[in-house]
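Single-structure report; data block below.
In what follows, chains carry the letters A, B, and so on, assigned in the order in which the sequence lines appear, proteins first and then strands, with residues in each chain numbered from 1.
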Amino acid sequence: MNFDFSNDEKMIRDQVARFLSEQCDSKVVRGILEGDENYSQGVWTGLAEMGVMATAIPEAYGGVGAGYPSLCLVAEQIGAHLAPVPFASSVYLATEALLQFGSDDQKESWVPRLASGELIGTLAADAATSCRVEAGKLSGKKMIVADGGIADFALILAEDEKARIGLYLVELNHNSVKRENLQTIDPSKNSSSLYFDAADAELIGGLDAGIAEIDRIYDRAAVLVAFEQLGGAARALDMAVNYARERFAFGRPIGSFQGLKHMMADMYVALKLAESNCYFAAWALDTQADELPLAAATARVSATQAYQLCTRDNIQVHGGMGFTWEFDCHLYYRRSNYLTLILGGLSEWEDKLVDCLPDERAA
Amino acid sequence: MDFNDTKEEAAFRTEVKAWIDANAPTYLAESLVASGFGSTGTGDKDPLAEAKMWQKKKSDAGWACIQWPEEYGGRGATPMESVIWNQEEGFYSKLSGTFIIGQGMCAPTLMAYADEDQKRRYLPKLASGEEVWCQLFSEPQGGSDLAGLRTRAERDGDNWVINGQKIWTSGAQYSDFGILITRTDPEVPKHRGLTMFFLDMKSPGIDIRPIKQANGESGFNEVYFDNVIVPDAQRLGEVGGGWQVSLTTLMNERLAIGGGIATGFPEIKALVETLPMGDGFAIDNPAVRSKLADWYAKTAGLRNTAARAMTALSKGEVPGPENSIGKLVAGGMMQDIAKYAIDLQGLKGVIVDPELAVSSARFQAMLLRSPAVRIEGGTDQILRNIIAERVLGLPEDMRADKGIPFSQIPSNTGSTGKTSTSR
Ligand SMILES: Cc1cc2nc3c(=O)[nH]c(=O)nc-3n(C[C@H](O)[C@H](O)[C@H](O)COP(=O)(O)OP(=O)(O)OC[C@H]3O[C@@H](n4cnc5c(N)ncnc54)[C@H](O)[C@@H]3O)c2cc1C
């Protein structure tokens, strides 16, 4: 047993951390939060130039083949810096779904351009019945699609004339598709409604061909999003600790009051448990272990808990300052609650977790 | 990153399994599995005798305290091998509860501070369970504030004379030896006037009185010292260096208690899988599922955190204060689980008679024992202080006694600490 990341994996992490510290400070995040752009093209391009989207993609499809543990550590940095880019949608979801379900030709034609960051994809795999495909044309709507206002294409779960469910690739930069941005709790991330009126649709893989396996894509994505949550939670705890050391009240640093110390100790505990569960899930993801569904749900549940706790109490530690637009506390608070809901909320993952527990009733 | 056994680890596991299969006291299996909390279930057999028998058997075959050096009764195993041993020993390790304090806390202290002859004399018998040790630290005036202790040790030639009182000493009633922290100088600030010894619990002048616990059992004791003589050769560390020595003990305490600590998760899961509710079982109920998921995530988090600590240990890193989280998480969780399990049982939940109660009353036992987990070996609050100060680097608590000679520290037994030890 060896429960640590390798030096190569840590090197990739450090590289991404350095880039994001320099190019993705909170001014950049606020630029998206407050402005009209849907994402930071500068950050996206920079990450693309470093080959970050290609991290876990096999070399055969234009990837680096550095493996999922590396991608996990990249995700942690994306989360820590609140990077306002469609990374999860394009890398953990669209790319993974194509790799999983696409034919060789489809992989060859789409994945290399995802790996290079030239294309951005997203996945809308909920409520198949809201979209219908007839003679290769898709119509209907998806009400809430993460990064729907950014993506070049979306993978859409839809029904055909015979009520068979399939995953379809639809290019979005086309007048048969209308997009409407939504106002959400985290405006530094884009969410959009997509309306399709007989849009060209390419079936990915076969009909009913293991579409039930779409859940496996979510398991895999859950591990990576959990690492984003972990990165954000650690930042929020850091902010709280730093502020508590500097701010004085009653003639002493507020960090010397036990009410706050114990609150931050609890934040640390939640973070530590989540971190350890995420590490285990990274291993399960990397090795395709049988434990993956349980490990993913466990990582997801505890990372969600940790991120929500850390961002909530980070505001508390900051007092009135924590409730200002000017301080960054709310950026993390918003992101933590946004990340909780993508891929299904906490209660959904709790339910999945229990489903995955081995049934030990005496047979 | 790799969670599978290496080839060597797998071979070691096979060897351990084979030995345990051939030697474990299988006749105790059923009562050990059903065992409540805070006590070791051995059916109609005497728990202490059974514990000693299993320990001796392990020791004779080289399977006791396997991480210790061979000359002290171990087998010089790696931390990872020790984890594998623990996994395979499984519920039989419940029999080792009696020895945790001695092997987990006293032994590391002896290894660090006793002389070579003493180590060769005492450690092997500690490993084999032939001699049981206890930890004489807490006092009426020194619990969380351990350095506030008042038991005096006064020098008399080659000996020291001990007077005072310890309290909450687990297992004192059946212990052969103990490590004892005393005050040797009340005129310096409290942490600097302490000195550590070990002593024979059969020494003249020691009076051990059991304390009845809130759960009705009697695991801990008051221990009184009336002119008890301890040779200077049994001093551990410098005169006045007792605090430093105690930190060795306490650091290992958190590892010993925090590592493989019980959370109650397997028990609650087994209950909700079989407890009828509505048209199905409790585990089908969304509210129950949500709690179960939360507890599983915490249990897995502790297990995975321990695995990371092991990796760090096997790379030669020293375990740090972050290991305080084990007991902090498990203690509160066990209490919550017990409360919830009993609530699910409805009015039947009040019954503690194992013949009549649900799950042989294990949750009732857990309910009544779990408050102690949040106190023993550092309270929840003290653990949070440690995490806040030593892991997160937050400022120390304001202390009213900082830098003041011990004898000048205010306390509720008078305006100064001068009233000294109570008797
Ligand atoms: C079952 C059991 C077995 C034990 N076995 C042993 C043993 O074998 N050997 C041994 O030496 N001791 C043993 N102990 C003693 C144990 O270590 C002490 O009870 C514990 O350290 C707390 O000390 P105290 O009881 O004096 O409580 P106190 O220190 O008086 O604490 C009372 C309350 O005040 C809080 N408090 C105290 N100081 C602070 C602070 N600085 N900040 C915030 N809150 C604070 C505590 O958290 C607690 O809630 C055992 C205890 C139990 C319950």
Side-chain angles (χ1 to χ4, degrees), chain A residues 1-6 9 69 237 240-241 244-245 252-258 260-270 272-280 282-284 286-287 289 291 294-295 297-302 305 346-347 349-355 357 359-362, chain B residues 1-6 9 80 83-84 265-266 269-270 272-274 281 283-284 286 288-294 296-312 314-315 322 324-326 328-329 380-381 383-389 391-398:
Chain A
M1 185 179 91
N2 171 22
F3 201 173
D4 196 5
F5 290 92
S6 72
E9 288 157 358
L237 174 56
V241 168
R245 276 202 287 237
R252 54 198 264 207
I254 58 169
S256 66
F257 294 113
Q258 281 197 353
L260 292 193
K261 279 165 100 161
H262 289 190
M263 192 185 246
M264 286 182 267
D266 287 340
M267 289 156 78
Y268 173 82
V269 169
K272 195 78 188 171
L273 295 176
E275 191 178 79
S276 298
N277 284 335
C278 282
Y279 281 24
F280 184 72
W283 169 80
D286 185 37
T287 57
E291 291 97 330
L294 178 57
T298 306
R300 172 76 172 146
V301 165
S302 51
Q305 290 175 337
L346 182 58
S347 47
W349 283 97
E350 288 175 343
D351 203 50
K352 273 196 202 184
L353 188 161
V354 175
D355 272 339
L357 291 174
D359 187 336
E360 282 155 341
R361 275 171 273 212
Chain B
M1 200 170 323
D2 191 1
F3 267 86
N4 297 322
D5 285 342
T6 61
E9 287 164 359
M80 217 51 87
V83 171
I84 292 171
F265 181 80
K269 174 163 170 286
V272 299
E273 279 178 339
T274 51
F281 295 100
I283 195 170
D284 306 320
V288 173
R289 293 171 82 77
S290 169
K291 293 218 179 254
L292 202 62
D294 177 40
Y296 177 80
K298 292 198 167 76
T299 304
L302 289 181
R303 189 185 58 224
N304 291 327
T305 301
R308 287 171 68 191
M310 277 304 140
T311 298
S314 61
K315 289 184 180 169
E322 66 275 5
S324 301
I325 76 168
L328 180 58
V329 173
D380 281 6
Q381 289 69 37
L383 295 180
R384 287 195 175 92
N385 282 351
I386 290 174
I387 292 170
E389 292 175 15
V391 181
L392 298 178
L394 287 164
E396 274 186 24
D397 276 4
M398 297 295 225

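Side-chain contact between A:Val301 and B:Tyr296 is absent, with no heavy-atom pair separated by less than 4.5 Å. You'll find the side chain of B:Lys315 reaches within 4.5 Å of the side chain of A:Asp4, heavy atoms only. Using a 4.5 Å heavy-atom threshold, the side chains of A:Trp283 and B:Asn4 count as touching.
Heavy-atom distances place no part of A:Leu260 under 4.5 Å from chain B, backbone and side chain included. With a threshold of 4.5 angstrom between heavy atoms, A:Phe280 approaches chain B through its backbone and through its side chain. Of the two parts of B:Val83, neither the backbone nor the side chain holds a non-hydrogen atom closer than 4.5 Å to a non-hydrogen atom of chain A. With a 4.5 angstrom heavy-atom cutoff, B:Glu9 touches chain A only via side-chain atoms. The contact between A:Leu353 and chain B is made entirely by side chain atoms (from C-beta outward), counting heavy-atom distances below 4.5 Å. At a 4.5 Å heavy-atom cutoff, A:Leu346 makes no contact with chain B through either its backbone or its side chain. Contact annotation for B:Lys269: only side-chain heavy atoms (C-beta onward) come within less than 4.5 Å of a heavy atom of chain A. Neither the backbone nor the side chain of B:Ile84 comes within less than 4.5 Å of any heavy atom of chain A. For chain A, the nearby part of B:Met80 is the side chain; its heavy atoms alone come within less than 4.5 Å.
Among the candidates A:Thr287, A:Asp351, A:Val269, the residue making the largest number of heavy-atom pairs closer than 4.5 Å to chain B is A:Asp351. The candidate with the highest count of non-hydrogen atom pairs below 4.5 Å against chain A, out of B:Gly301, B:Ala388, B:Gly393, is B:Gly301. Your options are B:Asp5, B:Ile325, B:Thr305, and the one with the most heavy-atom pairs under 4.5 Å with chain A is B:Thr305. No other option in A:Pro69, A:Ala274, A:Ala295, A:Ser276 has as many heavy-atom pairs under 4.5 Å with chain B as A:Ser276. Comparing B:Gln381, B:Lys291, B:Arg303 by heavy-atom pairs within less than 4.5 Å of chain A, the highest count is held by B:Gln381. Interface remark: of the candidates B:Pro286, B:Ala270, B:Ser290, B:Pro266, B:Ser290 forms the most heavy-atom pairs closer than 4.5 Å to chain A.
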* Could you walk me through whether B:Thr6 and A:Asn2 pass the side-chain contact (heavy atoms from CB on, under 4.5 Å) check? -> CA-CA 9 Å; B:Thr6 61; A:Asn2 171 22; over 6 Å; no
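Side chain of A:Lys261 to main chain of B:Pro395: a donor-acceptor pair is present (N/O by atom type, distance under 3.5 Å, no hydrogens or angles). Formation of a donor-acceptor pair under 3.5 Å by the A:Asn277 side chain with backbone atoms of B:Ala297 is found in this model.
Between the CD atom of A:Gln258 and the CG atom of B:Asp397 there is a distance of 4.5 Å, given to the nearest 0.5 Å. Atom CG of A:Asp359 is separated from atom CZ of B:Phe281 by 9.5 Å, given to the nearest 0.5 angstrom. To the nearest 0.5 angstrom, B:Arg289 atom CZ is 11.5 Å from A:Ser347 atom OG. Note that OH of A:Tyr279 is 7.5 Å distant from CE of B:Met1, once rounded to the nearest 0.5 Å. Note that CE of A:Met264 and CD1 of B:Ile387 are 12.5 Å apart. Values are rounded to the nearest 0.5 Å. With rounding to the nearest 0.5 Å, the separation of CG in B:Asn304 from NZ in A:Lys272 is 12.0 Å.
Partners of B:Asp294 under the side-chain hydrogen bond (donor to acceptor under 3.5 Å, both in side chains) rule, at least two apart in sequence or in another chain, are A:Gln305, B:Lys298.
Minimum interatomic distance between B:Leu392 and A:Val241 (heavy atoms only, all atoms of both residues): O-CG1, 3.5 Å.
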